[in-house]
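Here is the structure we will look at, set down as structure tokens.
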Amino acid sequence: SFPKNPPKKLPPICIPPDVFVQCKNINTLLLDSSPDNQEEEIKKASVVLLVYDVTANETKTRLETFWLPLINRVNEDVPVILVGNKIDMRSSHFDNELEGVITPLIISFKQVEMGIECSAKAYLKLIDVVFCAQRAVLFPIAPLQDPITKEFKPDFEKACDKDFDGYLDDWEINQMQQGVFNCELQSCHIEGLKEFLREEG
């Protein structure tokens, strides 16, 4: 059960590779930060899950006034996923609030890739949060797609669309992967990327 007084900082949590199908050979390490080490953790992070309380307006305000400027200053290239917590405590007339919180922040801060809501206490969508973090690292979209228009960036299209048909086939996606990361994508990863683009498009 959920503790009445949760700790201020959680210990590191290691999620083994067999928990998520798309990450067969990758451990996921979740690290909580505290004021004494937050900048160091942000520097080392592959992705930042920036959690705010959906029932407290001041935590939403601090996303824009404190946390995102701090992350931008410390590690401007790290992807950020905004995570609204405590949805079990929110009244139902705020159900469509996520888009209103996320959209202005995506426009102002290039690292913000997406937002998701959950409840740690009610165990709602926690797996989805971790999956989104893994996806942001394994399938980064910042070099590929404009976060506002959802269009491919022109330089990406020019460099990757070898047959100039306006689409990327599996071979072209793999060529891009090899050029950028010097490794080949497995077919399941290509399918995962396509699924992500379908969901986001």
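Because only heavy atoms are used, hydrogens play no part in the values below, and waters and symmetry mates are left out as well, while side chains stay in.
- Thr61 contributes atom OG1, which lies 14.0 Å from atom CZ of Phe66 (distance to the nearest 0.5 angstrom).
- The shortest distance between side-chain heavy atoms of Tyr52 and Val101 falls below 4.5 Å.
- Using a 4.5 Å cut-off on side-chain heavy atoms (C-beta onward), Glu113 and Ile106 make no contact.
- Leu82 has its side chain within reach of Val80: a pair of non-hydrogen atoms, C-beta onward, lies under 4.5 Å apart.
- Atom OG of Ser46 sits about 10.0 Å away from atom CG of Leu31, to the nearest 0.5 Å.
- For the pair Glu39/Leu70, a side-chain contact is recorded, criterion being any heavy-atom separation below 4.5 Å from C-beta on.
- In this structure, the side chain of Lys60 engages the main chain of Val54 through a donor-acceptor pair within 3.5 Å.
- Met89 belongs to no multi-residue hydrophobic cluster, having no ILVMFWY side-chain contact under 4.5 Å with any other such residue.
- Between Asn72 and Glu76, the closest heavy-atom pair is O-CB, 3.3 Å.
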For a side-chain contact (heavy atoms from CB on, under 4.5 Å) check, start with the C-alpha distance between Glu191 and Gln186, then their side-chain angles and the critical distance, and finish with the verdict. CA-CA 9 Å; Glu191 287 307 312; Gln186 297 174 0; over 6 Å; no
What verdict does the side-chain hydrogen bond (donor to acceptor under 3.5 Å, both in side chains) test give for Asp77 and Gln111, after you've listed the backbone C-alpha separation in whole Å, the side-chain angles of each residue and the deciding distance to 0.1 Å? CA-CA 7 Å; Asp77 295 322; Gln111 302 102 310; over 6 Å; no
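- Side chain of Glu172 to backbone of Lys162: a donor-acceptor contact under 3.5 angstrom is found.
- Remark: the backbone N or O of Leu105 is not paired with any side-chain donor or acceptor of Ser108 at under 3.5 angstrom.
- Judged by distance alone, the side chain of Asn174 and the main-chain N or O of Glu184 form no donor-acceptor pair under 3.5 Å.
- Between Met114 and Cys132 the shortest side-chain heavy-atom distance falls below 4.5 Å.
- With rounding to the nearest 0.5 angstrom, the CD1 atom of Ile190 is 4.5 Å from the CG atom of Asp170.
- In summary, of the residues considered (Ile15, Val47, Ile13), a side-chain contact (heavy atoms from CB on, under 4.5 Å) with Thr28 occurs for Ile15 alone.
- With rounding to the nearest 0.5 Å, the separation of CD in Gln134 from CG in Asn27 is 10.0 Å.
- A salt bridge does not link Asp32 with Lys9: none of the charged nitrogens is closer than 4.0 Å to a carboxylate oxygen.
- Taking both residues in full, the closest heavy atoms of Cys118 and Leu126 are given as SG-CD2, 4.0 Å, listed atom of the first, atom of the second, then distance.
- Look at Glu117 and Arg90 and you find a salt bridge, because one of the NZ, NE, NH1 or NH2 atoms lies within 4.0 Å of a carboxylate O, short of that distance.
- A distance of 8.5 Å separates CH2 in Trp171 from CG in Asp163, rounded to the nearest 0.5 Å.
- No option in Val112, Ile71, Ile81 other than Ile71 meets the side-chain contact (heavy atoms from CB on, under 4.5 Å) test with Leu50.
- With rounding to the nearest 0.5 Å, the separation of NZ in Lys86 from OG1 in Thr59 is 8.5 Å.
- Contact record, Ala45 with Val78: O-CG2, 3.5 Å, taken as the closest heavy-atom pair.
- Leu10 and Val83 fall into different hydrophobic clusters, where Ile, Leu, Val, Met, Phe, Trp and Tyr are joined by side-chain heavy atoms under 4.5 Å apart, directly or via other members.
- Between the side chain of Asn37 and the main chain of Glu40, no donor-acceptor pair closer than 3.5 Å is present.
- When side chains are defined from C-beta on, Val48 does not count as touching Pro79, because their heavy atoms never get closer than 4.5 Å.
- A donor-acceptor pair under 3.5 Å is absent between the side-chain atoms of Ser119 and the main chain of Ile87, judged by distance alone.
- When atom types are taken as modelled, the side chain of Asn85 and the backbone of Ala120 share a donor-acceptor pair closer than 3.5 angstrom.
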